[in-house]
Protein chains: 2
Amino acid sequence: MHVKILGSAAGGGFPQWNCACTNCRLVRSGKFPGKIRSEAQVAISRDGRSWLLGASPDLRAQIEASRELQPREGTGASPICGVVLANADLDHVLGLLLLRELQPLNVYATASVIHILRHQNSMFTMLNRASDQVRWHAATPGESFELCIPSGQASGITCSPISLSARYPVYVSGSDPHLNPNEAALALVITSDSGRTLVYAPTAASITQPFREWIERADLLLLDGTFYSDDELIRVRGTGERAREMGHLPVGGEDGSLRQLAGLRIARKLYIHINNTNPMLNETSPEYRSVREAGWELAEDGWQAIL
Amino acid sequence: MHVKILGSAAGGGFPQWNCACTNCRLVRSGKFPGKIRSEAQVAISRDGRSWLLGASPDLRAQIEASRELQPREGTGASPICGVVLANADLDHVLGLLLLRELQPLNVYATASVIHILRHQNSMFTMLNRASDQVRWHAATPGESFELCIPSGQASGITCSPISLSARYPVYVSGSDPHLNPNEAALALVITSDSGRTLVYAPTAASITQPFREWIERADLLLLDGTFYSDDELIRVRGTGERAREMGHLPVGGEDGSLRQLAGLRIARKLYIHINNTNPMLNETSPEYRSVREAGWELAEDGWQAIL
């Protein structure tokens with residue numbers, strides 16, 4: 001199974017449009033000891049020809065930076081055949097609207113997330129202007145399903161969604177009876193037909209026991225690395241919410257993901273969905289050193305692996 | 001008045017993600033005799049410090065390519081102070097959602113377009129999470145107003161919206177009684193305090209008489225150059241709508257905008273919002289030569305002028 005990281009930053013990317021924090025300012029002056037990143041996005045393929053991915057707002061630039069995602073001939077013949085949504089956050093779903101050019105696509109998400117897109121946001125009707133455009137598939141946490149390509153053929157890839165949070169995005173009305181708290185934010189366990197496993201959790205509020213069991217079996221883990229510390233935004237901006245209040249388990253600290261997963265042997269583990277304020281982006285920082293010394297890597301745009 | 005073109009392509013940009021037409025294929029092979037383009041977007045400023053712009057989906061990359069639009073220090077201190085929306089097409093409004101980071105902004109659009117965004121698409125509530133975030137201003141076709149910056153100061157720039165089409169985007173329900181047919185698609189006449197005038201019409205179904213009168217007085221015209229011929233999409237894709245059915249007056253042909261405006265003396269005139277299929281993008285084509293010989297230029301990303 002091919003895995004390609006198209007983007008590795010949290011919502012807004014790095015640098016972020018209205019931010020001149022130390023990280024963003026150093027990037028713009030050409031002096032940052034680290035890498036810029038577009039918004040988190042992972043593409044997977046069994047054969048390197050048909051690809052499934054997420055839907056970040058940076059998708060247009062990400063496709064143009066990835067030869068394997070570009071159509072080879074004709075019009076409407078993209079190698080992108082499907083989209084899997086982990087949650088309804090804007091930085092995870094807006095890219096769907098960039099895929100509106102009458103292309104057959106399978107879209108997988110929980111019934112609650114599909115409801116938010118199709119019934120609370122009329123723009124998503126652009127995905128169903130023609131009969132052979134988007135087919136929506138409702139995923140249920142705890143129930144594995146095989147991803148397919150638009151012809152109806154199996155892709156050779158299985159997805160097992162795990163519920164990680166009951167927190168819906170701020171724009172979603174909390175009183176909507178169609179929303180199941182179990183369906184707000186998923187980790188996606190992606191397994192190839194040879195049994196190799198990617199665990200993708202761009203937003204993880206906690207390490208639940210079922211999630212931990214999947215992590216232990218993963219060949220590749222891509223985990224929420226949004227914030228290094230719980231009070232990072234408050235320290236950088238002088239105001240804001242704590243990481244945990246926003247549904248992100250921080251990387252560092254007494255109860256951060258570094259410590260919580262320290263005892264596990266995971267073949268390869270990367271932090272992804274990294275916010276522009278995160279000090280570990282700076283590769284000369286003590287936070288970067290801590291992460292690397294614990295055997296973690298930082299996801300980077302363009303990173304590839306074959307599982 | 002400073003005018004900077006951040007993007008000059010129609011929706012989807014050039015090249016387009018699922019298209020391998022002759023233009024797109026040549027770009028990706030590095031052999032295209034012309035320029036790539038991001039989605040249409042124009043930024044204006046009286047003093048070069050506070051900027052007003054549109055809201056294309058490529059806005060993140062467009063800001064990072066434009067030093068003058070980047071914050072200099074602190075967080076939440078963008079020089080972008082306002083957004084003017086000409087219509088509710090996805091390629092004109094999605095960028096608003098990229099500006100959601102608690103930044104004070106003035107947004108100008110017709111009441112109908114504001115209704116579509118705020119009452120048919122819950123995602124736009126992200127723009128009003130805090131009290132000092134987006135202020136929405138309803139613009140009425142035919143009524144000039146002064147654009148302002150968030151502090152409440154006048155920007156020194158006046159906007160006169162002209163109704164150009166009763167066609168709302170496909171995603172908008174035609175039966176909504178809140179939608180005024182006069183408010184679907186605007187040309188924006190932007191006038192500096194010294195009386196210099198930019199006419200911006202990225203989507204023009206026809207050259208109405210009031211529009212023609214504004215054009216005649218313009219120092220700079222940026223006009224809908226989406227399609228060169230009425231049947232362009234059908235010829236390239238084998239299927240699709242005609243340019244006029246989609247609300248775009250074609251550039252060429254007996255009744256195209258080239259012919260209709262041939263008698264006018266306009267100081268400087270550029271085609272913008274150019275679709276990936278448009279043959280005039282190829283600078284060795286007869287269509288490109290026709291346009292240039294008639295005194296027109298093609299808008300390009302990064303183009304700047306001071307009016």
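So you know, we letter chains A, B, ... as the sequences are listed, proteins then strands, and number each from 1.
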Against chain B, label [X] side chain, backbone, both or neither, depending on which of its atoms sit under 4.5 Å from a heavy atom there.
X	answer
A:Asp91	both
A:Gln120	both
A:Ala61	neither
A:Val236	both
A:Arg28	both
A:Ile63	side chain
A:Ser38	both
A:Arg25	side chain

Under 3.5 Å donor-acceptor, [X] side chain and [Y] backbone:
X	Y	value
A:Asp230	A:Arg244	yes
B:Arg167	B:Glu245	yes
A:Asp301	A:Ser8	yes
A:Asn121	A:Ile116	yes

Test item: A:Asn275 and A:His248 side chains (from C-beta on) under 4.5 Å apart, heavy atoms:
no
So, do A:Trp136 and A:Leu117 sit near enough that their side-chain heavy atoms are less than 4.5 Å apart?
yes
Would you mind telling me which of [options] has the largest number of heavy-atom pairs within less than 4.5 Å of chain B?
options	answer
A:Glu39, A:Arg100, A:Glu101, A:Arg67	A:Glu101
A:Ser173, A:Ser78, A:Pro15, A:Ser122	A:Ser122
A:Leu99, A:Thr125, A:Leu102	A:Leu99
A:Gly238, A:Cys21, A:Ala77, A:Gly12	A:Gly12
A:Val170, A:Val172, A:Leu59	A:Val170

In terms of heavy-atom proximity below 4.5 Å to chain A, should B:Arg72 be classed as side chain, backbone, both, or neither?
backbone
Which atoms of B:Arg129 approach chain A - backbone, side chain, both or neither, heavy atom under 4.5 Å:
side chain
Exercise: identify the closest heavy-atom pair between B:Asn23 and B:Phe14:
CB-CE1, 3.6 Å
Rounded to the nearest 0.5 Å, how far apart are [atom1] of [X] and [atom2] of [Y]?
X	Y	atom1	atom2	result
B:Leu281	B:Ile36	CG	CD1	11.5 Å
B:Lys4	B:His2	NZ	NE2	11.5 Å
A:Ile80	A:Leu53	CD1	CG	5.0 Å

Go through B:Gln70, B:Arg60, B:Glu73, B:Arg237 and name the one with the most non-hydrogen pairs under 4.5 angstrom from chain A.
B:Arg60
Top of B:Leu98, B:Val93, B:Thr277 for chain A proximity - count of heavy-atom pairs under 4.5 angstrom
B:Leu98
Worked verdict on A:Asn18 versus B:Gln103 for side-chain hydrogen bond (donor to acceptor under 3.5 Å, both in side chains)
CA-CA 8 Å; A:Asn18 70 338; B:Gln103 178 80 32; 2.8 Å; yes
